[in-house]
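Only a predicted model underlies this, so the values are computations on that prediction, with no experimental measurement involved.
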Amino acid sequence: MEKIKMRVPLVEMDGDEMTRILWQMVKDELILPFVELKTEYYDLGLTVRDETRDQITHDAGNAIKKYGVGVKCATITPNNQRMSEYNLHEMWKSPNGTIRAILDGTVFRAPILVDSIKPVVKNWKRPITIARHAYGDVYKGTEYRVKGKGKAELLFTGENGETFRETVYDFECPGVLQSVFNKDTSINSFAHACFKYALSTNQDLWFSTKDTISKIYDQTFKVLFDEIYEADYKAKFEEAGIEYFYTLIDDAVARVIRSEGGFIWACKNYDGDVMSDMVSTAFGSLAMMTSVLCSPDGNFEYEAAHGTVTRHYYKYLEGEETSTNPMATIYAWSGALKKRGELDDIPELVSFGEKIEKACIATLDDGIMTKDLVGLVEGKKARAVNTTEFIAQIRSRLEAML
């Protein structure tokens, strides 16, 4: 077949460790043979981020604003161990957090469902979509290691000269400090994105924080959501027959576990990070989770929701065979290609992205899968294969569809 042509490039952001290996395999086997791929490439591997003092991450985020669609591989967010391992100049912040801040978007994560893999929570019958605020909180926090006695204070100086000053804690011993922040403009964008997504997918929207403890920070989220809902969306929700409600996050967790699914659960940034892992694992695997960042001005970034699969990468470096699940990476590419085709009016590209996903599901339905899924299958015999064979099986089904 003639390769599908693209007119506008995707912003391609490469990553780290085993997912970087998967990234190239997916491109070589499932995309490049069928698509005349156009990308603006950014290497967000940790060594390159360190060499450029993280400028390349900012450049990639701004490129998404230019071209409208990006696709990102999983990347390392360094800790003390990584500082030593990679001899870094600085403990660089999360690339995902940096890009989300540039785009001011909301991350929507939903599980990839397969009939033969039943959720651990037996009453879950429909997907649960996590809407994760994509700005501020611990990802943009300022931290300090307190080395001894001293007073920690929170100080704000307004443009008009007014100040707020309050003691955080009088340290009598070493400890730690962290400050976090958020902005009304970003919270408002988050709220609008959640309400619009709920309407577009005809799903109930749940929102949770801990405003009983965080009586200003978290309560601001609650108040702004309530105001925007009443002013702009209440009538639309009632007409659509869907519901919006707010509850404390601990109550939300209990409600989610007892539910049948089929709704959007909106969470603050860190809450969404944790809860999306819980939901994806309960539905099957961290590698079976789609993730798309949607910005208020219509830009999209598709990514794998899991980490860089370090343990498998070390095995790979030793020449050992691995059975790493590439599903989330494949769906990042298929999602980005479908969105590029939709924005550029290339129906063949949209159809190709859909067929990649159908080929993936068909492979799993035939009982061929990576090791992480085999133990979860019910009602049929499953066969564990390595990553190379799994992708080859997907390719054979994709070729048949094309």
Side-chain angles (χ1 to χ4, degrees), residues 3-16 19-20 22-44 57 59-75 95-96 98-100 102-103 105-112 129 132 134 193 197 200 276 287-295 297-306 325-361 391 394-395 398 402:
K3 287 188 179 183
I4 299 167
K5 292 180 172 56
M6 296 173 61
R7 292 194 291 270
V8 181
L10 294 169
V11 178
E12 178 187 351
M13 294 160 281
D14 214 338
D16 289 299
T19 43
R20 188 183 183 96
L22 295 180
W23 193 258
Q24 194 61 49
M25 291 171 68
V26 169
K27 284 177 63 179
D28 289 344
E29 295 298 319
L30 300 180
I31 299 170
L32 292 174
F34 312 105
V35 177
E36 204 169 277
L37 188 64
K38 293 182 63 144
T39 71
E40 185 165 298
Y41 178 84
Y42 293 86
D43 188 346
L44 299 191
T57 307
D59 292 345
N62 286 314
I64 297 172
K65 296 179 79 170
K66 176 180 178 181
Y67 293 109
V69 184
V71 58
K72 180 182 173 296
C73 182
T75 46
N96 290 347
T98 298
I99 293 168
R100 289 166 193 158
I102 291 170
L103 297 180
T106 295
V107 178
F108 293 93
R109 289 180 172 173
I112 302 166
T129 300
R132 176 184 172 190
Y197 196 81
S200 69
S276 65
M288 298 286 285
M289 196 80 164
T290 64
S291 181
V292 55
L293 174 70
C294 307
S295 77
D297 50 356
N299 298 311
F300 299 85
E301 183 223 30
Y302 296 81
E303 61 178 329
H306 56 73
N325 192 331
M327 286 286 287
T329 298
I330 295 170
Y331 269 66
W333 273 103
S334 63
L337 291 170
K338 287 192 295 182
K339 180 55 68 174
R340 184 78 278 163
E342 176 190 321
L343 295 177
D344 300 342
D345 193 23
I346 306 175
E348 299 86 358
L349 196 57
V350 176
S351 176
F352 176 75
E354 292 171 346
K355 285 173 181 173
I356 289 179
E357 294 173 5
K358 289 177 181 176
C360 289
I361 299 301
I391 291 176
I394 294 170
R395 176 169 175 169
L398 176 61
L402 295 172

Peer 1: For P95 and K72, which heavy atoms make the closest approach, and how far apart are they?
Peer 2: CB-CE, 4.2 Å

Peer 1: Taking the side chain as everything from C-beta on, heavy atoms only, tell me whether I64 gets closer than 4.5 Å to M13.
Peer 2: yes

Peer 1: Going through the distances and angles, do S276 and R132 end up as a side chain to side chain contact (heavy atoms under 4.5 Å, CB included)?
Peer 2: CA-CA 8 Å; S276 65; R132 176 184 172 190; 5.6 Å; no

Peer 1: Set out, in order, the CA-CA distance, both residues' side-chain angles and the distance that settles side chain to side chain contact (heavy atoms under 4.5 Å, CB included) for V35 and W333, then state yes or no.
Peer 2: CA-CA 12 Å; V35 177; W333 273 103; over 6 Å; no

Peer 1: Work out which heavy atom in P111 is nearest to a heavy atom in M289; give both atom names and the distance.
Peer 2: N-SD, 3.6 Å

Peer 1: Is the backbone of L32 close enough, under 3.5 Å, to the side chain of K3 for a donor and an acceptor to pair up by distance?
Peer 2: yes

Peer 1: Is there a side chain to side chain contact (heavy atoms under 4.5 Å, CB included) between N325 and H306 once you walk through the steps?
Peer 2: CA-CA 11 Å; N325 192 331; H306 56 73; over 6 Å; no

Peer 1: Taking only residues two or more places apart in sequence or in another chain, which ones pass ring pair (Phe, Tyr, Trp, His ring centres under 6.0 Å) with F108?
Peer 2: Y197

Peer 1: Working note: I4 + F34, criterion side chain to side chain contact (heavy atoms under 4.5 Å, CB included); need CA distance, chi angles, decisive distance, verdict.
Peer 2: CA-CA 6 Å; I4 299 167; F34 312 105; 5.7 Å; no

Peer 1: More than 12 non-hydrogen atoms from neighbouring residues, nucleotides or ligands closer than 6.0 Å to NZ on K27, yes or no?
Peer 2: yes

Peer 1: Are W23 and V71 side-chain neighbours, meaning at least one heavy-atom pair lies under 4.5 Å?
Peer 2: yes

Peer 1: Measure the shortest side-chain to side-chain distance between V11 and E301 over non-hydrogen atoms and say whether it is less than 4.5 angstrom.
Peer 2: no

Peer 1: So do the side chains of L337 and V69 get within less than 4.5 Å of each other, counting heavy atoms only?
Peer 2: no

Peer 1: Side chain of R109, backbone of S291: donor and acceptor closer than 3.5 Å?
Peer 2: no

Peer 1: Can you list the residues that meet the side-chain hydrogen bond (donor to acceptor under 3.5 Å, both in side chains) rule with T329, with sequence neighbours excluded?
Peer 2: none

Peer 1: Would you say that K65 contacts L103 through its side chain, given a criterion of any heavy-atom pair below 4.5 Å between the two side chains?
Peer 2: yes

Peer 1: If you compare all heavy atoms of D28 against all heavy atoms of R395, which two are closest, and at what distance to 0.1 Å?
Peer 2: O-NH1, 4.3 Å

Peer 1: In Å and rounded to the nearest 0.5 Å, what is the NZ to OG distance from K358 to S334?
Peer 2: 12.0 Å

Peer 1: Measuring only between side-chain heavy atoms, which start at C-beta, is D43 closer than 4.5 Å to R20?
Peer 2: yes

Peer 1: Between CD1 of I330 and OG1 of T290, what distance do you get to the nearest 0.5 Å?
Peer 2: 13.5 Å

Peer 1: Rounded to the nearest 0.5 Å, how far does SG of C360 lie from CD of E357?
Peer 2: 7.5 Å

Peer 1: Between SG of C73 and CG of D16, what distance do you get to the nearest 0.5 Å?
Peer 2: 7.5 Å

Peer 1: Restricting to non-hydrogen atoms, name the atom on G15 and the atom on T75 that form the minimum distance, rounded to 0.1 Å.
Peer 2: CA-CG2, 3.8 Å

Peer 1: How far does CG of N299 sit from OH of Y67, to the nearest 0.5 angstrom?
Peer 2: 13.0 Å

Peer 1: For a quick test of reading the model, state the closest non-hydrogen atom pair linking F352 to I31 and the distance between them.
Peer 2: CZ-CA, 4.4 Å

Peer 1: Could you measure the distance from the CD atom of E342 to the CG atom of L349? Nearest 0.5 Å is fine.
Peer 2: 11.0 Å

Peer 1: When you compare the side chain of I99 with that of L44, does any pair of heavy atoms fall below 4.5 Å?
Peer 2: yes

Peer 1: Could you check whether any side-chain heavy atom of L398 comes within less than 4.5 Å of a side-chain heavy atom of K355, counting everything from C-beta outward?
Peer 2: yes

Peer 1: Quick check: closest heavy atoms across T129 and A110, and the distance to 0.1 Å?
Peer 2: OG1-CB, 3.6 Å

Peer 1: With sequence neighbours left out, write down each residue that passes side-chain hydrogen bond (donor to acceptor under 3.5 Å, both in side chains) with K66, or none if nothing qualifies.
Peer 2: none

